[in-house]
Amino acid sequence: MNTLLSEEQAALEDQCLKLLRNEWPLEKAIKVLGPRGPRHSPELWKTLVDAGWLGFPFSSELGGADGELTDLGVIYRAAGECVVPSTYYSCMFGGLLVDALATAAQKQELLAPMIAGEHLITSAYAEPHAAELPGLFTAAATRVGESWVLNGTKSFVADLGSADIVLVLARIHQISDSAGWGLFAIRKDELRERVRQTDAFGATPLWEIQLEKLKLPLDALVGGLEAASNTREVFEDVVQKATALQCMEMAGGIAGILRFTVDYVKERQQFGKPIGTKQAVQHLLANISMSLDGVRVAALKALFLAAQRRKEAGRAVSLAKVALGEAYVNATITCGQLWGAMGYSRETGLYLWVERAKVTDVWLGTRSSHLKKLANYMELAR
């Protein structure tokens, strides 16, 4: 399989990096993504909207660019290198779900405004007892007259503080002879006192939503009842694509912290010489660079297979996620050692990549869960 970028994709990545380095310098990222920061930048958001980033994989009829998933992966890699706020990834995940399930009218109502930057979307699917396994989710929606009534709890919801629309995944119960799964679009102001914020690693905010007896109109169900039978299948397909995209982001993150550290060791001096002239330092950076070359290929292969919905995509995505998780975390540890005490200073911004490496290592499947999947693929191949 050819995992090289086309000339157009390489040019797109260069343009994205130039845009972010001009409009999203590290100083701004530190202010927005720091422990007391808002975690979302309206200024950057307008820049991304104007650049077409939010509509890249979607139809031009909705304001999108009719782009390919692999092209979006190139944008993710640039975003990872420059530590773009996670609201972008949450919106794209939600957008892919809506695009795959919604009716034409719902796409105009939910997706077109997102592409235009008028509202942000996030998704709520994980539950306290089951972060990754939809088969264990218990949140349910029951039809009562001309309304839906949702019950259950959703946990580990990202970027709810900045979102306007929340997509909630729930089982559907008691619809005459129909049953299945549903994705419900809920405006955040309808949740009111039902949300509770918690802080994860590095003060990354996550939310819990209590859905008990939440009443919604019938048209809140994305795709309508016709989509109930295949919503879970579509959801798992989008999760696979989002995981492949996240692998591209992680590859970009490794490239970002490597570039940042190389610049530092060129300037930091000991005994009158830059520490980058030391062979031991060069070896450590070379190890990161060699690892990056390998995982970058793994991420691209996973993305290409997921975009084509090939049967071997699941194995490739899990393999890439495990490799990228280990490589990204190890790169941040090594770079932290080279920065020394300065690496602990928030003014340097090194911690932004450290925090993102830890979050992406467990988001959309931990290394342990993906290793179990790989074991299953090996067992089935026997």
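Values below: all heavy atoms of this structure, side chains included; hydrogens, waters and symmetry mates excluded.
Salt-bridge formation is not detected for the pair K154/E208: no Lys NZ or Arg NE/NH1/NH2 atom is positioned less than 4.0 Å from an Asp or Glu carboxylate oxygen. Look at K31 and E27 and you find no salt bridge, because none of the NZ, NE, NH1 or NH2 atoms lies under 4.0 Å from a carboxylate O. Salt-bridge formation is not detected for the pair E61/K107: no Lys NZ or Arg NE/NH1/NH2 atom is positioned less than 4.0 Å from an Asp or Glu carboxylate oxygen. With salt bridges taken as basic N to acidic carboxylate O contacts below 4.0 Å, none links K18 and D14. Between D293 and R296 there is a salt bridge, since at least one side-chain N of the basic residue sits less than 4.0 Å from a carboxylate O of the acidic one.
From Q240, atom CD reaches atom CG of L303 across 10.5 Å, with rounding to the nearest 0.5 Å. Distance check, rounded to the nearest 0.5 Å: CZ of R356 to OH of Y351 gives 14.0 Å. The distance from the CG atom of L160 to the CD1 atom of I209 is 5.0 Å, given to the nearest 0.5 Å. Separation of atoms NZ (K358) and OG1 (T332) is listed at 8.0 Å; rounding is to 0.5 Å. From S291, atom OG reaches atom OH of Y328 across 13.0 Å, with rounding to the nearest 0.5 Å. The CG atom of D189 lies 9.0 Å from the CG atom of D164; values are rounded to the nearest 0.5 Å.
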What do the steps show when you test L300 against M248 for side chain to side chain contact (heavy atoms under 4.5 Å, CB included), and what is the final call? CA-CA 7 Å; L300 281 168; M248 293 291 286; 3.6 Å; yes
CA sep, side-chain torsions, deciding dist, call: L20, L44, side chain to side chain contact (heavy atoms under 4.5 Å, CB included): CA-CA 9 Å; L20 290 174; L44 175 64; 4.2 Å; yes
Can you check side chain to side chain contact (heavy atoms under 4.5 Å, CB included) on R194 and L214, steps first, answer last? CA-CA 9 Å; R194 296 174 178 269; L214 176 63; 3.7 Å; yes
Apply side chain to side chain contact (heavy atoms under 4.5 Å, CB included) to R187 and E190, showing your working. CA-CA 6 Å; R187 296 200 172 274; E190 296 181 55; 3.6 Å; yes
Kindly determine whether E23 and K28 satisfy salt bridge (charged side-chain N to carboxylate O under 4.0 Å, His left out), including the steps that lead there. CA-CA 9 Å; E23 303 295 332; K28 288 186 178 180; 5.1 Å; no
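Within 6.0 Å of the CD atom in Q269, the count of heavy atoms belonging to other residues, nucleotides or ligands exceeds 12. Within 6.0 Å of CD in Q279 there are 12 or fewer heavy atoms belonging to other residues, nucleotides or ligands.
You'll find the side chain of L305 reaches within 4.5 Å of the side chain of K301, heavy atoms only. Side-chain contact between F93 and L167: absent, with no pair of heavy atoms (C-beta onward) separated by less than 4.5 Å. Looking at L111 and F58, their side chains come closer than 4.5 Å, going by heavy atoms from C-beta outward. Using a 4.5 Å heavy-atom threshold, the side chains of R77 and L5 count as touching. Taking the side chain as every heavy atom from C-beta outward, L183 and V234 never approach each other to under 4.5 Å. You'll find the side chain of Y264 stays beyond 4.5 Å of the side chain of L338, heavy atoms only.
Closest approach of L110 and H119 over heavy atoms only: O-NE2, 2.8 Å.
Within the 3.5 Å criterion, the main-chain N or O of L19 finds no donor-acceptor partner in the side chain of N22. Listed for the T366 side chain is no donor-acceptor partner under 3.5 Å among the backbone atoms of V362. At distances below 3.5 Å, not a single donor-acceptor pair connects side-chain atoms of E326 with backbone N or O atoms of D361. A donor-acceptor pair is defined here as one N or O able to donate and one able to accept, closer than 3.5 Å; such a pair exists between the side chain of K188 and the backbone of A163. Without hydrogens or angle criteria, K321 side chain to W363 main chain gives a donor-acceptor distance under 3.5 Å. In this structure, R268 contributes its side chain and V265 its backbone to no donor-acceptor pair below 3.5 Å. Remark: side-chain polar atoms of R143 are paired, donor with acceptor, to backbone N or O of G145 under 3.5 angstrom. Under the 3.5 Å distance criterion, the side-chain polar atoms of E249 are left unmatched by any main-chain donor or acceptor of T360. Between the side chain of S60 and the backbone N or O of G63 there is no donor-acceptor pair closer than 3.5 Å. Judged by distance alone, the side chain of Q9 and the main-chain N or O of S6 form a donor-acceptor pair under 3.5 Å.
In this structure, a donor-acceptor pair under 3.5 Å is present between the side chains of E132 and S369. There is a side-chain donor-acceptor pair under 3.5 Å between S86 and D159. Side chains of S345 and E347: a donor-acceptor N/O pair is present below 3.5 angstrom, by distance only. Between the side chains of T198 and W207, no donor N or O sits under 3.5 Å from an acceptor N or O. T153 and Q210 share a donor-acceptor pair across their side chains, judged by distance under 3.5 Å alone. Side-chain contact annotation: S318 with H370, donor-acceptor N/O pair under 3.5 Å present.
Two rings, from Y125 and F156, have their centers 6.0 Å or more apart. F260 has its ring centre less than 6.0 Å from the ring centre of W353. Between Y88 and Y76, the ring center distance clears the sub-6.0 Å criterion.
Judged by the 6.0 Å distance and 45° axis criteria, R171 is not positioned over the aromatic ring of F137.
A chain of hydrophobic side-chain contacts below 4.5 Å, direct or via other Ile, Leu, Val, Met, Phe, Trp or Tyr residues, connects L54 to L69.
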